[in-house]
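Input: a single structure, listed below in structure tokens.
Values below: every heavy atom of this structure, side chains too, minus hydrogens, waters and symmetry copies.
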Amino acid sequence: MFRNLRINLYIDGIILIILGFLTLRYPVEAIMSAGFIIGVGLVASGINYLSGFYFFRLKRFIVLGLLDIITGSIMIVQPGITAFIIPFVLAIWLFITGITRTCASFWLGGAEIPGWWLMLINGIALILLAIFMFISPLHSAFSIMMILACVLIASGVLAILEGYFIDK
């Protein structure tokens, strides 16, 4: 059962790491096309979460999947507006994703799954970043892209570690 969850977390982690490195490598282009680039990644991540629901019937995966697909679709269709409001859009997404990951970590901990605390750390980090983005929305888009890249990479690494420890 947990083999499929492990694969699901690996795929999610790889997607997030790729998005993070693309953002680091092309910061100016990322600022100009952040809505599109992140939107495509969110749609892919959402589809991955929905496949996770198919295997595990966890309603949290439906919430994450639909949230990612809806947010990603909006970002693809309206990249100009998204670039202007990206701190708020991403803060909302990060906050909800962080809360969902934190809740899921308690489920994994209750099921005595090793490594559940990694998902808890990931969720708390996402919540803290979301709060920071709400408090300081006027920071430059460049610094937000750098912060976002680091969070995507860290979140991807943690998701891969979650997958590694899920069935140990």
Side-chain angles (χ1 to χ4, degrees), residues 1-24 37-72 75 86-137 139 143-168:
M1 173 178 153
F2 292 112
R3 181 180 183 280
N4 290 333
L5 179 57
R6 175 184 287 168
I7 292 168
N8 188 271
L9 289 167
Y10 285 166
I11 291 169
D12 191 44
I14 290 167
I15 290 169
L16 291 170
I17 290 170
I18 289 170
L19 286 173
F21 278 115
L22 284 173
T23 303
L24 279 176
I37 292 170
I38 296 168
V40 169
L42 288 175
V43 170
S45 180
I47 292 168
N48 184 53
Y49 273 120
L50 291 179
S51 73
F53 169 75
Y54 175 78
F55 291 112
F56 306 108
R57 300 290 184 224
L58 293 174
K59 292 180 183 171
R60 292 176 199 91
F61 282 12
I62 288 179
V63 172
L64 283 174
L66 292 177
L67 178 68
D68 282 3
I69 290 171
I70 291 168
T71 304
M75 293 175 96
I86 201 163
F88 299 107
V89 172
L90 287 176
I92 292 167
W93 174 74
L94 290 170
F95 188 77
I96 293 171
T97 301
I99 288 174
T100 304
R101 281 191 167 278
T102 301
C103 292
S105 74
F106 292 123
W107 177 81
L108 291 173
E112 298 182 10
I113 304 300
W116 66 271
W117 52 273
L118 290 166
M119 189 175 282
L120 177 64
I121 292 171
N122 194 349
I124 291 170
L126 293 172
I127 291 168
L128 291 174
L129 179 66
I131 291 169
F132 173 75
M133 291 176 79
F134 275 124
I135 291 172
S136 303
H139 276 85
S143 66
I144 291 173
M145 289 297 113
M146 294 300 106
I147 292 168
L148 176 63
C150 293
V151 168
L152 289 170
I153 292 168
S155 186
V157 168
L158 285 170
I160 290 171
L161 287 172
E162 292 163 13
Y164 177 76
F165 284 108
I166 206 80
D167 198 24
K168 291 289 174 188

Within the side chain of Asp12, is there an N or O that forms a donor-acceptor pair under 3.5 Å with the backbone of Ser45?
no

Please confirm whether the backbone N or O of Asn8 pairs with a side-chain atom of Asn48, one donor and one acceptor, at under 3.5 Å?
yes

Heavy atoms only: give me the nearest [X]-[Y] pair and the separation to one decimal.
{"X": "Arg101", "Y": "Gly123", "result": "CB-CA, 4.0 Å"}
{"X": "Ile15", "Y": "Gly41", "result": "CG2-O, 4.1 Å"}
{"X": "Ser155", "Y": "Asn122", "result": "OG-OD1, 3.3 Å"}
{"X": "Thr23", "Y": "Met146", "result": "O-CE, 3.9 Å"}
{"X": "Tyr10", "Y": "Tyr164", "result": "OH-CA, 3.4 Å"}
{"X": "Met75", "Y": "Leu42", "result": "SD-CD1, 3.7 Å"}

Supply the atom-to-atom distance [X] [atom1] to [Y] [atom2], rounded to the nearest 0.5 angstrom.
{"X": "Ile69", "Y": "Leu64", "atom1": "CD1", "atom2": "CG", "result": "11.0 Å"}
{"X": "Glu162", "Y": "Ile113", "atom1": "CD", "atom2": "CD1", "result": "12.5 Å"}
{"X": "Asp68", "Y": "Ile96", "atom1": "CG", "atom2": "CD1", "result": "10.0 Å"}
{"X": "Tyr49", "Y": "Thr100", "atom1": "OH", "atom2": "OG1", "result": "8.0 Å"}
{"X": "Leu161", "Y": "Leu118", "atom1": "CG", "atom2": "CG", "result": "5.5 Å"}
{"X": "Leu129", "Y": "Leu148", "atom1": "CG", "atom2": "CG", "result": "8.0 Å"}

Do [X] and [Y] have side-chain heavy atoms sitting under 4.5 Å apart?
{"X": "Ile17", "Y": "Ile160", "value": "yes"}
{"X": "Phe106", "Y": "Leu120", "value": "yes"}
{"X": "Leu94", "Y": "Phe132", "value": "no"}
{"X": "Thr71", "Y": "Ile92", "value": "no"}

List the steps, then state whether side chain to side chain contact (heavy atoms under 4.5 Å, CB included) holds for Leu24 with Ile153.
CA-CA 10 Å; Leu24 279 176; Ile153 292 168; 3.6 Å; yes

